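Presented below is the structure to which this report refers.
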There are 2 protein chains.
Amino acid sequence: MSHDLIAAVRRFNRTVTQRVGALDDEYMARGRPLAQARLLWEIGPGGAEVAALRGRLGLDSGYLSRLLRALENDGLVTVGPADGTGDGRVRTAALTPAGRTEWAELDRRSDEFAWSILEPLAAPHRQRLVAAMAEVERLLVASMVVIAPCPPSDPRARTCLRAYARDVARRFDDGFDPALSNPVRDDELVPPAGVFLLATLNAEPVGCGAVKLHPDAPAEIKRVWVADSVRGLGIGRRMLDELERYAAERGWDTVRLDTNRTLTEAIAMYRAAGYREIEPYNTERYADHWFEKRLVP
Amino acid sequence: MSHDLIAAVRRFNRTVTQRVGALDDEYMARGRPLAQARLLWEIGPGGAEVAALRGRLGLDSGYLSRLLRALENDGLVTVGPADGTGDGRVRTAALTPAGRTEWAELDRRSDEFAWSILEPLAAPHRQRLVAAMAEVERLLVASMVVIAPCPPSDPRARTCLRAYARDVARRFDDGFDPALSNPVRDDELVPPAGVFLLATLNAEPVGCGAVKLHPDAPAEIKRVWVADSVRGLGIGRRMLDELERYAAERGWDTVRLDTNRTLTEAIAMYRAAGYREIEPYNTERYADHWFEKRLVP
DNA sequence: GCCGATACCTGACTAAAGTCAGCTACATGA
DNA sequence: TCATGTAGCTGACTTTAGTCAGGTATCGGC
């Protein structure tokens with residue numbers, strides 16, 4: 001079936017990922033252990049908290065500590081108490097002047113390596129390469145988005161819901177006042193009453209959606225939102241599919257939702273996903289269209 | 001100037017190359033040291049000569065030997081004398097039945113990983129991703145082609161010249177008999193009389209071109225050929241540029257060449273490169289068009 | 001002011017990766 | 001046939017990467 005697609009991805013992984021990746025590492029390292037070079041790079045001219053570095057590089061706490069000591073001994077980095085947080089345990093790493101010089105050198109070499117890829121190509125081929133790279137990057141990002149249940153009280157869920165409110169307030173003709181809209185309580189989006197799904201990219205929240213499982217009534221989809229940074233990549237559609245699946249698996253055979261006339265892409269997506277417009281089933285202040293879909297079990 | 005191009009390449013290197021590369025390695029390794037897994041994979045069901053493996057993987061001779069011993073101890077590989085070559089020193093590695101099973105498992109996991117990238121995407125996005133990956137791959141391949149002088153007696157040069165003769169014999173309306181064509185002796189393509197340039201991709205020959213530096217006459221470009229596998233990527237144009245540069249640096253201010261009417265892409269390339277058609281300057285049996293270009297020093 | 005959690009650190013360890021010198025057996029050309 | 005070179009192998013070694021089990025200081029809640 002899609003075996004030629006798979007073959008293409010594998011060829012890409014081998015020739016591009018392996019070869020370019022290895023070369024990039026070589027350029028980065030310049031005599032120093034690669035882990036140290038990466039850490040130095042990640043600290044950056046602005047410095048960084050140790051916990052953040054651990055997260056970004058995915059390193060063991062002890063290992064990171066040792067790497068920081070090594071860079072300190074080389075006079076490239078100083079580790080001291082964090083100034084921003086009131087937490088005395090948190091420490092930040094910052095570059096010394098020598099470290100900043102080294103960082104700039106890494107930056108320069110990274111530019112040089114990128115240029116060594118572009119340089120042999122004629123201008124039109126360069127443009128095509130960069131465009132294709134951007135496309136691959138965007139679509140790989142899309143494929144790395146993970147959708148999973150999350151309590152609506154979670155700070156990442158809160159972030160999404162705030163972003164949702166901000167976005168619709170900007171889009172709706174008459175703004176958006178949550179007090180005038182039909183309320184949705186947290187406990188309605190927690191199993192078994194419903195579920196809140198969070199879309200994350202490298203643990204950063206980039207989208208959400210929820211479904212209320214009304215007893216003796218169709219399930220109701222709410223709060224579908226996707227961050228600008230990953231829009232146009234099918235994340236909304238995946239979210240919708242997951243919400244429908246959740247409802248279907250628990251025995252509901254119909255989902256419905258309401259939406260505002262200004263959300264034209266969303267409306268197009270609902271139609272494309274098999275929703276058909278129905279009569280109003282609620283008195284939502286901001287709703288202009290109501291949709292329904294029969295779920296196949 | 002092209003700093004946004006460079007930035008795009010760097011972003012690609014970071015997000016795609018690093019992340020996908022690391023994941024691919026993880027999938028490949030499955031408990032075994034990565035170097036062993038890669039070696040096992042590279043040997044393949046058909047087996048491979050030890051020297052070839054060393055070249056492909058870029059490993060130290062001693063290190064490779066040790067890796068082979070480890071795989072042999074695990075019962076996955078047997079190393080024995082080569083059968084093809086008459087050289088008793090050369091040895092080949094081959095997979096045992098257990099090794100073949102393991103290889104198939106690696107193959108399966110590689111498919112699985114590729115699919116894990118495609119799976120979250122909707123069909124149209126999958127198509128776009130694969131197309132963009134293919135484009136990146138092709139253009140990166142183009143950028144990895146190296147053009148350098150090479151004696152025309154080198155076996156790689158011979159390979160190219162044979163391929164050139166084969167290609168034109170297929171294209172020309174009345175075939176191609178080297179005996180009827182104006183001869184080009186090897187010593188005419190060796191400095192200071194001229195030069196032969198070879199284009200290689202990972203040490204494999206993929207193109208060639210030559211220039212004769214006639215005393216008291218324009219330099220003459222001959223034998224420009226590019227392998228099918230890398231056609232359409234600007235390699236021919238780069239070859240032409242290099243040949244012109246070679247002549248210009250040695251004091252020639254004009255280059256010329258002859259070509260056959262069936263080689264339409266080549267003719268288009270010459271025109272695009274600033275060549276203009278001139279009267280015949282020789283009696284080459286297979287030439288229909290003659291071109292000339294003034295070189296700017 | 002105490003208790004359990006948290007952020008970071010240290011010491012002790014292992015496995016993997018890679019380097020280098022020297023060895024043996026075979027090849028090649030004078 | 002003899003010198004020189006080459007393919008692959010072995011032993012001895014270093015560096016890098018990474019893990020794990022404690023430690024110490026601090027925090028936040030009671």
Side-chain angles (χ1 to χ4, degrees), chain A residues 18 21-23 25-26 28-43 47-74 76-94 155, chain B residues 18 21-23 25-26 28-43 47-74 76-94 155:
Chain A
Q18 299 292 359
L23 284 174
D25 283 353
E26 249 178 70
M28 193 71 162
R30 50 185 249 102
R32 196 186 311 285
L34 182 56
Q36 279 183 39
R38 270 210 252 264
L39 175 56
L40 182 71
W41 174 258
E42 207 61 49
I43 292 171
E49 294 187 3
V50 172
L53 293 170
R54 203 165 48 231
R56 268 185 273 168
L57 293 166
L59 298 176
D60 172 86
S61 154
Y63 185 28
L64 175 60
S65 225
R66 205 176 317 283
L67 289 172
L68 283 170
R69 287 307 84 69
L71 289 174
E72 248 178 348
N73 283 343
D74 290 354
L76 299 170
V77 163
T78 52
V79 179
D83 16 271
T85 63
D87 192 329
R89 294 166 304 179
V90 176
R91 318 235 298 155
T92 55
Chain B
Q18 300 290 0
L23 284 176
D25 284 352
E26 248 176 71
M28 192 72 161
R30 54 184 246 99
R32 197 185 310 285
L34 181 57
Q36 280 183 38
R38 271 210 253 264
L39 175 55
L40 182 71
W41 175 258
E42 207 61 48
I43 293 170
E49 293 188 2
V50 173
L53 293 170
R54 204 164 49 232
R56 268 184 273 166
L57 292 165
L59 298 176
D60 172 86
S61 154
Y63 186 26
L64 174 60
S65 224
R66 205 175 316 282
L67 289 172
L68 282 170
R69 286 306 84 68
L71 290 174
E72 247 177 347
N73 284 343
D74 290 355
L76 300 169
V77 164
T78 52
V79 179
D83 17 86
T85 64
D87 191 331
R89 294 167 303 177
V90 176
R91 317 237 296 155
T92 55

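Numbers restart at 1 for each chain; the letters A, B, ... are given by sequence-line order, proteins then strands. As the structure is a computational prediction, the values presented were derived from the model and not from experiment.
Taking all atoms of both residues into account, the shortest heavy-atom contact from A/Q36 to A/L71 is OE1-CD2, 3.8 Å. Heavy atoms only, all atoms of each residue included: A/A37 and A/A29 are closest at CB-CA, 4.1 Å.
Whole-Å rounding puts the B/E49 CD to D/dA7 C1' distance at 11 Å. If you measure from atom CG of A/L64 to atom C1' of D/dC20, you get 16 Å, rounded to the nearest angstrom. When rounded to the nearest whole Å, the span between CG of A/L53 and C1' of C/dC8 equals 13 Å. Rounded to an integer number of Å, the gap from CG of A/L57 to C1' of D/dA17 is 14 Å. Atom-to-atom, CZ of A/R91 to C1' of D/dC27 comes out at 16 Å; the value is rounded to the nearest Å. Counting to the nearest Å, the P atom of D/dG18 and the CG atom of A/L68 are 15 Å from each other.
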5' to 3', nucleotides 17-30 of chain C under a 4.0 Å protein heavy-atom cut-off (B base, S sugar-phosphate only, - none) gives SBBB-----BS---

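The phosphate of D/dA7 has neither OP1 nor OP2 within less than 4.0 Å of any side-chain N or O from B/R54. Contact annotation: B/R69 side-chain N/O to D/dC9 OP1/OP2 distance is under 4.0 Å.
Considering only heavy atoms from C-beta on, B/L59 stays 4.5 Å or farther from B/E42 through its side chain. Under the 4.5 Å side-chain criterion, counting only non-hydrogen atoms from C-beta, A/Q18 is in contact with B/R38. Taking 4.5 Å as the limit, every side-chain heavy atom of A/L68 sits out of range of all side-chain heavy atoms of A/R91. Within the 4.5 Å cutoff, the side chain of A/D87 has no heavy atoms near those of the A/E49 side chain.
DNA chain D is contacted by both A/G31 and B/V90; B/V90 maps to the nucleotide lying nearer its 5′ end (nearest heavy atom per residue).
In the set C/dC9, D/dT10, C/dA7, C/dC9 carries the atom at the smallest distance from any side-chain atom of A/S61.
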